[in-house]
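Proteins get letters first, then strands, A, B, ... in listed order; numbering begins at 1 in each. These figures come from a predicted structure and were not determined experimentally.
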Amino acid sequence: MPNFIMSYLGSTVTPGEAGNQFWALIYVLIIFAGVSVAVIAMNWIERKALAHFQVRLGPMRVGPHGLLQPIADAVKLMLKEDIIPAEADQFVFWVAPLIGLLAAFTVYTVIPFGPSQAVSDMNIGILFMLGVSSLGVLGVVVAGWASNSHYPLIGALRSSAQMVSYEVAMGLAVVSAILMTSMNASGTGTLSMIGIVQAQQQQGVWFIFKFFPLGLLALIIFAIAMIAETNRAPFDLAEAESELTAGYHTEYSGLRWSLFMLSEYAAMIAVSSIAVTLWLGGWMRPFPNLLHAPAWDFIFSLFPGLTFLGLAAIAFIGTARMPSHSFFKIQRIGLAVFAALLGFIALLLLVAAVAGRSADTSLAARFNEGIGYVYWFVLKVAVFMYLFIWYRATWPRYRFDQLMKIGWKVMLPISLGVLVVTAIVGVIAS
Amino acid sequence: MAPITTLHYLVVGAALFVLGVVGVLIRRNVVIVLMSIELILNAVNLNLVAFSRMWGNLHGQVFAIFIIVDAAAEAAVGLGILIAFFRNKETVNVDEIDLLKW
Amino acid sequence: MNDPITSRANLDLDTPDKTYLDSNELIINMGPQHPATHGVLRVILKLDGEKVLGTECVIGYLHRGVEKIAENRTYTMFAPYVDRMDYVAAVSNGLGYCEAVEKLMNVEAPPRAKYIRVILTELQRIASHQIWLGTHALDIGAMTPLFYTFRDREEILKIFEKYCGARLTTHAFRIGGCQYETYAGFEKDVKNFLAFFAPKIDEYEALLTTNRIWVERTRNVGVISAADCVALGVTGPVLRASGVQWDLRKAQPYAAYAEFDFEIPTGTNGDTYDRYLVRMEEMRQSMRIIEQAVNGIPEGPIMGKVPKVIKPPVGEIYHSIEAPKGELGYFIVSDGSTQPYRLRVRPPSFVNLQALDIMVRGLLVADVVAVIGTIDIVLGEVDR
Amino acid sequence: MNPGMNSGMAPVATPWFFYVLAGMAVISGGLVITLRNAVHAALALIVTLLSVASLYLMLYAPFVTGVQIVVYAGGIMVLFLFVIMLVNIERSSKEHRFNRIWPAGLAAACALLVLFVSAFVKGKALFTDRGMPLPESSNTQQIATMLYGEAGRMGQYTFAFEIASLLLLVAILGAVIMTKKKI
């Protein structure tokens with residue numbers, strides 16, 4: 001078995017390309033678990049960060065600093081009675097959350113966490129991603145219709161119109177990034193997600209900085225469109241609580257409702273991953289071309305361990321600062337264990353970083369390299385996730401006609417302009 | 001199990017085509033008639049792509065893309081007509097759509 | 001003049017509009033259980049897609065018969081009931097009632113009591129506007145101001161609590177003056193609050209006033225002309241935002257308001273954004289008034305010469321004050337007994353709510369919640 | 001498996017996949033024309049479209065798959081669902097499913113089926129592979145070359161592509177004008 005793992009770690013292609021169904025399955029499971037954990041973590045971070053934006057504490061009771069709150073919520077939602085309205089279309093009502101979930105999770109098959117850390121490297125990766133993530137709108141529409149109630153119907157119509165119209169600007173922004181991949185010696189671009197990152201590697205520039213400010217503009221358009229695409233504030237009209245109670249999932253409850261939430265957050269991570277892959281160099285660490293000496297490689301390979309060390313330190317400080325009242329005893333122990341766990345992971349990563357420094361082919365080196373890729377990718381995605389929270393805390397909600405106006409009259413012309421100018425600049429440059 | 005040949009795909013295409021034709025001919029709801037047309041177009045596309053594979057060139061695939069473009073145009077115009085019709089007659093029943101002018 | 005009340009097309013909720021066959025009118029019940037109707041208001045919306053063709057307010061879900069209760073209580077006993085009408089501005093309600101009875105009995109509160117009344121009432125105005133701002137912003141989708149305003153409102157409630165022991169339904173005043181002398185450090189607390197709160201208003205404004213989304217969501221939304229306001233009897237910030245400089249504190253000064261220097265902010269367009277600006281400025285003006293009052297608070301008794309048993313002479317009186325939401329009037333008919341023969345309240349929320357239909361016609365559903373928020377209703381007062 | 005399919009590629013196209021996908025496509029295609037409720041029919045059609053898209057993938061046509069998913073499943077079907085919600089379907093779902101001439105229609109379709117079957121039986125030998133499949137990895141590039149040409153030269157289908165874009169433009173305008181409330 002170790003040989004088997006070693007042989008796999010030695011390979012430089014994705015399991016999909018190698019035709020290795022076993023490893024592909026393992027990857028799918030890892031990604032499914034990872035995304036679910038990320039959604040749970042995102043849930044906690046969003047509630048805490050939002051709370052601190054709003055001068056309150058957020059969840060504090062369940063677990064130390066509310067760390068177990070998402071799990072408690074998940075358990076509660078699973079145990080909750082699953083209500084299907086009598087007048088609803090039973091089958092469609094049942095199947096709608098699954099459509100959204102399927103669409104949100106299927107896209108992860110082509111997201112590259114590293115040059116070989118993806119389930120599959122599809123030739124049409126980015127097209128596939130856009131297509132499948134646009135299937136999520138079907139779940140929303142169908143959920144609103146199946147509820148057979150006014151508010152969900154309006155919410156569904158709103159959100160589908162919104163998703164469909166922002167897809168246009170989003171697609172054009174993506175095309176301008178794809179255009180940049182073709183600006184090499186051979187003049188052939190690629191739609192493959194891994195290929196796009198590799199193109200950035202070869203050209204020695206993240207596409208956000210290419211043809212400044214064209215790449216940046218495209219990223220900004222994409223970033224705005226992806227908020228609208230995932231129905232988040234300030235474009236959360238579909239679930240505008242103050243207007244439509246909860247939009248298309250008003251009639252949903254319990255597990256089915258939580259599936260909508262899960263797919264929403266999974267979709268947020270997915271679109272952030274697209275943005276990271278297309279413009280922010282995907283799995284690449286900062287300055288891979290400028291600072292490429294082995295010493296720099298080593299320093300950057302320490303980052304994952306140091307990050308976990310920092311988290312562990314924060315958790316330790318939290319433990320120390322917790323009131324010494326006996327009431328907090330269990331919470332203190334829990335937080336200390338959590339801190340120790342983080343510290344252990346940090347230690348493991350640091351050891352791997354040090355061990356993998358010299359030998360380039362050892363297991364530790366391969367492991368270390370993979371961790372580095374995933375770390376930088378996740379870090380970049382995390383920045384976008386934080387922005388999602390920040391937007392939500394800061395901005396009021398757009399009205400539907402204003403949203404449409406922005407989508408069609410502002411975003412679409414700008415993204416078209418960016419595309420055309422990128423093409424012209426590219427032709428001149430080559 | 002027998003290997004999959006072009007004929008297999010053609011049989012699937014033919015089945016979808018016949019289903020589409022049946023839908024166009026017997027359903028009363030215009031929306032479903034339009035969906036049946038989409039079925040027919042898909043059957044054609046499947047044949048084109050299968051032939052593209054059979055001949056080892058890409059002309060069939062390019063044609064399939066053109067047909068998808070055409071299907072998008074057809075759906076937009078067809079549903080536009082449907083909406084306009086529904087507004088005036090309040091029905092989506094093909095049996096009641098029997099006037100050239102209203 | 002085009003009378004807005006009679007020119008209102010009747011809202012026929014039963015037969016669908018046949019203008020266009022396709023326009024599937026939706027009749028939507030917004031409320032009484034709805035996050036944005038500020039309680040138990042039920043608005044029946046007639047929609048064409050998302051466009052509002054007309055509205056009908058159904059009220060009474062919180063009706064407690066306050067006016068009838070008054071007929072079975074003595075004047076003193078009834079005073080706490082008025083706190084339950086506009087429960088986010090209880091002090092103002094109490095002031096109006098006490099002054100009305102005082103006017104009926106022809107007694108006057110001593111100057112120190114009047115100053116205390118002004119300070120507390122203006123603090124209550126700020127608190128009420130804070131609640132309005134927080135909920136209004138939440139309706140439009142900005143979550144954060146809600147928590148900021150509630151954090152700062154807490155300081156006002158602490159002053160109330162220290163003064164009279166209650167935070168929400170304070171029953172702070174009595175007929176003839178005040179029950180309680182100010183506690184030691186009252187002036188300091190109020191001054192501290194003023195120093196604390198001045199930058200907070202700027203904080204709210206930093207979040208909203210120049211926020212593009214906020215401006216787009218509020219400007220030219222829910223426009224009502226000055227003439228319509230007057231015709232409908234709309235008062236308070238809604239009226240002032242339409243450009244009418246009408247504030248009872250200046251127009252018919254009561255309590256000690258004649259002695260203070262302050263301005264009446266007015267708007268020009270009568271839209272939601274103007275109403276927002278007017279209320280923000282009103283908070284600042286309230287702070288000016290409080291500052292002047294707390295600096296010039298005279299010494300002396302806090303209770304006027306009022307008999308133990310309050311028995312006003314036969315007669316009737318109408319007295320109104322400028323509550324945070326508009327003109328709050330009390331019409332009291334006395335038959336010479338210890339209980340009012342009839343008491344009628346003119347609640348600002350109830351009257352202002354009439355303007356909802358005019359303001360939202362032709363707008364979108366999302367604007368309805370913005371307009372309900374901007375009218376600043378409290379259902380306890382609408383339904384009484 | 002025939003030699004063409006084995007050439008240098010990992011065998012994604014196992015017969016099992018084909019039969020499952022083909023079965024899904026045909027069964028849900030049957031549901032499209034038999035289900036009473038238009039939304040159910042639309043969902044069945046989506047299943048058909050996605051199965052057909054997967055069949056394209058098995059035919060080494062990934063770009064067509066992508067276009068099929070983006071345009072059909074993500075675009076056209078949303079449009080269909082929109083229209084179904086706009087037109088009042090409660091009434092139509094209570095009426096007869098089939099129109100007055102349905103026996104004639106069914107007979108014509110059966111005749112068509114017989115024609116197809118006879119053609120396939122008699123012309124079985126015609127449908128053998130005549131060329132090697134083109135590699136999946138350069139599929140998109142080759143389609144792009146055919147559509148747009150390369151290095152300043154018009155592609156084989158560039159003109160047709162432009163005509164298609166014109167067709168789409170006309171369709172958009174037509175749809176917008178027809179759905180306007182007052183013409």
Side-chain angles (χ1 to χ4, degrees), chain A residues 46-47 49-58 144 148-162 224 227-228 231-247 250 388-406 409-410, chain C residues 24-31 33-38 43-45 47 49-51 134-152 154 200 203 206-208 211-221 272 276 363-373:
Chain A
E46 174 162 27
R47 291 173 70 168
L50 208 55
H52 286 105
F53 273 116
Q54 296 167 346
V55 295
R56 56 197 173 90
L57 288 173
N148 200 0
S149 160
H150 284 318
Y151 283 121
L153 188 65
I154 292 180
L157 287 175
R158 270 187 183 189
S159 86
S160 47
Q162 169 183 344
I224 294 172
I227 305 166
N231 284 323
R232 291 279 303 185
F235 302 119
D236 56 344
L237 300 124
E239 35 203 88
E241 185 181 314
S242 51
E243 296 153 28
L244 302 175
T245 52
T250 302
F388 273 115
I389 304 172
W390 195 351
Y391 299 153
R392 190 174 170 199
T394 313
W395 283 325
R397 183 181 302 122
Y398 270 114
R399 205 172 56 208
F400 189 65
D401 57 329
Q402 294 166 346
L403 177 96
M404 284 292 146
K405 203 180 78 193
I406 293 167
K409 293 189 182 166
V410 182
Chain C
N24 279 331
E25 272 100 18
L26 285 177
I27 305 289
I28 281 195
N29 274 310
M30 205 181 204
Q33 307 292 335
H34 190 280
T37 52
H38 293 223
V43 185
I44 302 173
L45 295 173
L47 302 177
E50 291 228 4
K51 206 172 118 200
T135 51
H136 183 38
L138 185 67
D139 287 348
I140 295 183
M143 297 166 77
T144 311
L146 179 78
F147 296 96
Y148 285 11
T149 55
F150 271 70
R151 171 195 65 190
D152 304 336
E154 192 64 23
K200 302 295 182 206
E203 195 179 358
L207 268 173
L208 296 174
N211 186 323
R212 273 188 72 132
I213 303 178
W214 177 262
V215 174
E216 277 188 37
R217 280 302 303 276
T218 52
R219 191 162 274 168
N220 293 326
V221 167
T272 304
Y276 159 75
L363 300 183
L364 303 177
V365 183
D367 293 323
V368 175
V369 292
V371 170
I372 291 175

Measuring from A/R399:CZ to C/E216:CD, what's the distance to the nearest 0.5 Å? 8.5 Å
How long is the gap from OH on A/Y398 to CZ on C/R212, to the nearest 0.5 Å? 6.0 Å
Closest heavy-atom pair, C/R151 versus A/V55, reported as atoms and distance to 0.1 Å, is NH1-CG1, 3.5 Å
Answer with side chain, backbone, both or neither: which region of C/V221 has an atom nearer than 4.5 Å to a non-hydrogen atom of chain A? side chain
Taking all atoms of both residues into account, what is the closest heavy-atom pair of C/Y148 and A/F53, and its distance? OH-O, 3.2 Å
What pair of heavy atoms forms the shortest contact from A/P396 to C/N211, and how long is it? CD-ND2, 3.4 Å
Between A/L50 and chain C, with a heavy-atom cut-off of 4.5 Å, which part of the residue counts as in contact: side chain, backbone, both or neither? side chain
For A/Q54 and C/F147, work out which heavy atoms get closest and say how close. OE1-CE1, 3.1 Å
What's the shortest heavy-atom distance between C/T144 and A/T394, and which atoms? OG1-N, 4.4 Å
